[in-house]
Amino acid sequence: MSELPIKIKKTPHSRLSEIDFDHLAFGEQFSDHMLEVRYSEGRWHDPLILPYGQIPMYPAVSTLHYGQAVFEGMKAYQYKGDKVNIFRLDKHYDRFRRSCERVCIPEIAEDVFKEGMKALVEIDRQWVPKEKLKSLYIRPIVFASDQTLGLRASGNYRFYIICSPVGNYYSEGIKPIRLTTMPKYVRAVLGGVGDVKVPGNYAASLQPTTKAQQLGYTQVLWLDAIEHRYVEEVGSMNIFFVIGDVLVTPPLNGSILPGITRKTVLELAKKNGMTVQERPVSMQEVVDFHRKGTLKEIFGAGTAAVISPVGVIHHDNYQITIGSDEMGPVARWFYDNITGIQHGEVEDPDSWCTLL
Ligand SMILES: *Cc1c(COP(=O)(O)O)cnc(C)c1O
């Protein structure tokens, strides 16, 4: 067991029996407990696990004004029936630490993040859905809690981990989604914060995403901020193209979020002898490959959506329609293998699973 001094205050009233596990929306319901760690006087204090509930704060709390905050998104899965697996915990911690560094949030110790999360998931393990392809979404968040309107790095912070039992991310399920590029809008610029998980990125995407949805698309396909020619990613997923028999994805150039599902796809592809290219992909190129008939599949990859086939990309005056109403064979292969590893049905090749 860990040496971490975690105080635990259990809820006297579990809400588990109120949850309809057959109809889970994404991120609408929360498990019985949460983890809280406070930072003041130059240090993080002992973690506390307490009943999920409201947290007191003042309207002058600086994160509400200037967004000095970071989050992560990861999942725990039912594993071989009786175990629980937190997937790629190390990589999520690494990214969390990098994100914190970028917005001047003091580093949270690795064991507080990892052991704290494990203790929380252990206490709420009945909340991990039993059914395959459902999971317990884990959301760590840290934010500045100084009361000040001064624009500076805060002296006080709060770190929480909350958990939400989830089903499919998109209402389409695993049916193909529809994307459109949005001229005039960008998600992230080089040198900005597109490569870290900070809240402002998502606020900035709401207006263009709403417009895209009014036009009948599921999400925006973001292009590069300078030339508006190169494909970057989709709001909460990285993007992959199958061109001939080559798997192509844009490189981590500094404005794309380095997805852990992206990394998982690339590692599995290489292990299985697939040809992989991380290189800039222009929309013109995608259109040309589509015209020639060599564009076989498009799919997105992210923790929330796992692998999500793309059926339509709209760009300028061109609409690419690809595949049938189902996942293509390459996307399906990744989907089956990744969900298989997550649930313990396919061998875990590289210690991606943390078992409880
Ligand atoms: C979280 C996120 C992803 C996917 O990352 P995963 O680690 O695979 O979940 C992709 N793009 C953006 C903008 C994200 O916030």
Side-chain angles (χ1 to χ4, degrees), residues 26-27 67 69-77 85-100 102-103 113 117 135-142 163-164 166 168-170 177 179 181-182 185-190 192-206 208-209 212 218-225 230-240 247 249-269 278 281 298-308 310 331 334-335 337-339 341-342 352-354:
F26 184 86
V70 161
F71 68 96
E72 258 305 318
M74 46 208 296
K75 282 177 170 173
Y77 303 84
N85 164 30
I86 303 177
F87 192 62
R88 305 213 75 169
L89 178 54
D90 291 333
K91 293 284 168 246
H92 284 279
Y93 174 69
D94 289 348
R95 186 171 65 195
F96 185 74
R97 201 183 44 201
R98 275 201 317 275
S99 299
C100 287
R102 180 64 180 81
V103 294
F113 187 93
M117 182 181 299
S135 56
L136 188 68
Y137 185 82
I138 305 171
R139 168 57 60 89
I141 168 149
V142 58
C163 301
S164 172
V166 297
N168 279 319
Y169 185 61
Y170 295 115
I177 60 167
L179 303 178
T181 60
M182 287 298 268
Y185 292 99
V186 297
R187 191 193 84 91
V189 295
L190 280 181
V193 290
D195 61 344
V196 290
K197 254 177 146 67
V198 299
N201 288 337
Y202 306 86
S205 75
L206 291 176
T209 302
T218 323
Q219 285 285 320
V220 176
L221 177 62
W222 299 105
L223 303 182
D224 77 278
Y230 295 97
V231 175
E232 297 235 307
E233 61 167 309
V234 188
S236 60
M237 302 192 298
N238 296 105
I239 192 144
F240 287 86
L247 185 66
T249 195
L252 299 178
N253 60 353
S255 57
I256 293 176
L257 197 284
I260 290 156
T261 318
R262 174 189 183 278
K263 188 174 176 58
T264 300
V265 166
L266 290 175
E267 288 173 5
L268 279 177
E278 291 178 71
V281 182
I298 309 172
F299 61 89
T303 295
V306 196
I307 297 292
S308 185
V310 174
F334 284 112
Y335 185 84
N337 275 276
I338 293 172
T339 57
I341 294 168
Q342 288 165 337
W352 290 344
C353 301
T354 296

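Quantities reported herein were computed from a predicted structural model and do not represent experimental measurements. Along the sequence shown, residues are numbered consecutively beginning with 1. Counting starts at 1 for both ligands and their atoms, in listed order.
The protein heavy-atom contact nearest to atom 5 (O) of ligand 1 is G259 CA, 3.4 Å. Closest to atom 11 (N) of ligand 1 among all protein heavy atoms lies E233 OE1, 2.5 Å. The nearest heavy-atom contact from the protein to atom 15 (O) of ligand 1 is Y202 OH, 2.4 Å. Closest to atom 8 (O) of ligand 1, if we only count protein heavy atoms, is T261 OG1, 2.6 Å. Among protein heavy atoms, atom 1 (C) of ligand 1 sits closest to K197 NZ, 1.4 Å. The protein heavy-atom contact nearest to atom 13 (C) of ligand 1 is G235 O, 2.9 Å. The shortest contact between atom 4 (C) of ligand 1 and any protein heavy atom is with S236 O, 3.5 Å.
Between F334 and F299, the ring planes are tilted. Angles from 30° to 60° get that label. Taking the six-membered ring for Trp and thresholds of 30 and 60 degrees, F113 and Y93 have ring planes inclined between 30 and 60 degrees apart. Ring geometry, F26 versus Y137: the interplanar angle exceeds 60°, so the pair is classed perpendicular (tilted spans 30 to 60°).
Between the side chain of R88 and the backbone N or O of C353 there is no donor-acceptor pair closer than 3.5 Å. With hydrogens and angles disregarded, a donor-acceptor distance shorter than 3.5 Å links the side chain of N85 to the backbone of Q342. R139 places no side-chain N or O within 3.5 Å of a backbone atom of S164 that could act as its donor or acceptor partner. Although no hydrogens or angles enter the test, the distance criterion places a donor-acceptor pair under 3.5 Å between the side chain of N201 and the main chain of V196.
For ligand 1, the atoms closer than 4.0 angstrom to any heavy atom of T303 are 6 (P), 7 (O), 8 (O), 9 (O). Atoms of ligand 1 lying under 4.0 Å from any heavy atom of R95, numbered from 1 in the order shown and given with element: 5 (O), 6 (P), 7 (O).
Taking a 4.0 Å cut-off on heavy atoms, K91 fails to register as neighbouring ligand 1. At a 4.0 Å cut-off, not a single heavy atom of K263 sits close enough to ligand 1 to count as contact.
When non-hydrogen atoms are compared, ligand 1 lies under 4.0 Å from the backbone of I260 as well as from its side chain.
A salt bridge links E233 with R187: the distance from a Lys NZ or Arg NE/NH1/NH2 to an Asp or Glu carboxylate oxygen falls below 4.0 Å.
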